[in-house]
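Given the structure is predicted, the values throughout are model-derived calculations rather than measurements.
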Amino acid sequence: MKSPENFLYSKTHEWIKFSADQKSAAVGLTDYAQKAQGDIVYVDLPEVGDSVTKGESIGEVESVKTVSEIYSPVSGTIAEINAKVDDEPESVNAEPWETWLFKVNDIIDQDTLLSSAEYDRFCQEEQ
């Protein structure tokens with residue numbers, strides 16, 4: 001497995017891609033996470049305007065075999081929710097690197113994010 005190098009990662013298997021100005025970021029589930037989850041049938045996300053704290057549960061992903069928590073990889077404020085995920089939760093399986101779940105503004109507390117190489121090593125150790 002090779003994760004995209006232009007993203008950063010959490011140990012709870014969320015990816016984060018910062019905007020060019022580093023003031024906001026999109027967050028999604030990694031390919032590793034969606035494969036472990038199986039066929040995703042429902043995604044519960046926070047509301048726009050909610051404050052989120054790095055490492056805290058902010059939603060759930062439900063698949064045909066399990067329900068898993070979604071954790072925020074950074075602290076900040078929810079700026080946008082991807083409406084496509086409400087209508088087509090399976091898009092997370094089909095395009096995990098393109099399908100973001102939510103966007104965060106006012107980002108702080110990003111010091112423990114992993115690079116692509118670090119994340120790939122972490123996933124190898126988990127297997």
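Put simply, the side chain of Ile70 reaches to within 4.5 Å of the side chain of Glu14, judged on heavy atoms. Residues Tyr71 and Ser10 form no side-chain contact, since every pair of their non-hydrogen atoms from C-beta on lies 4.5 Å or further apart. Proximity of Pro96 to Leu29: side-chain heavy atoms (C-beta onward) are nowhere separated by under 4.5 Å. At least one side-chain heavy atom of Lys17 sits under 4.5 Å from a side-chain heavy atom of Asn6. Using a 4.5 Å heavy-atom threshold, the side chains of Val27 and Leu101 count as separate.
Remark: Gln22 CD is packed, more than 12 non-hydrogen atoms of other residues, nucleotides or ligands lying under 6.0 Å away.
Interatomic distance, CD of Glu90 versus CG of Asp39, reported as 9.5 Å (0.5 Å rounding). The line from CZ of Phe102 to OG of Ser72 is 5.0 Å long, rounded to the nearest 0.5 Å. Between the CG atom of Asp50 and the CD1 atom of Ile81 there is a distance of 8.0 Å, given to the nearest 0.5 Å.
Annotation for Asp120 and Lys2: closest pair OD2-CA, 3.4 Å, computed over non-hydrogen atoms.
One side chain, Glu126 or His13, offers a donor N or O that lies under 3.5 Å from an acceptor on the other. Under 3.5 Å, the side chains of Tyr119 and Thr30 contain a donor-acceptor pair of N or O atoms.
Residue pairs meeting the salt bridge (charged side-chain N to carboxylate O under 4.0 Å, His left out) criterion with at least one member in residues 53-67, sequence neighbours excluded, are Lys54-Asp109, Lys54-Asp111.
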- Item | Residues Ser116, Tyr9; criterion side chain to side chain contact (heavy atoms under 4.5 Å, CB included); working and verdict | CA-CA 7 Å; Ser116 172; Tyr9 303 88; 4.1 Å; yes
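Here Lys84 does not pair with Glu98 in a salt bridge; the nearest charged N to carboxylate O distance is not below 4.0 Å.
Under the rule for a side-chain contact (heavy atoms from CB on, under 4.5 Å), the partners of Ala79 that lie at least two apart in sequence or sit in another chain are Asn105.
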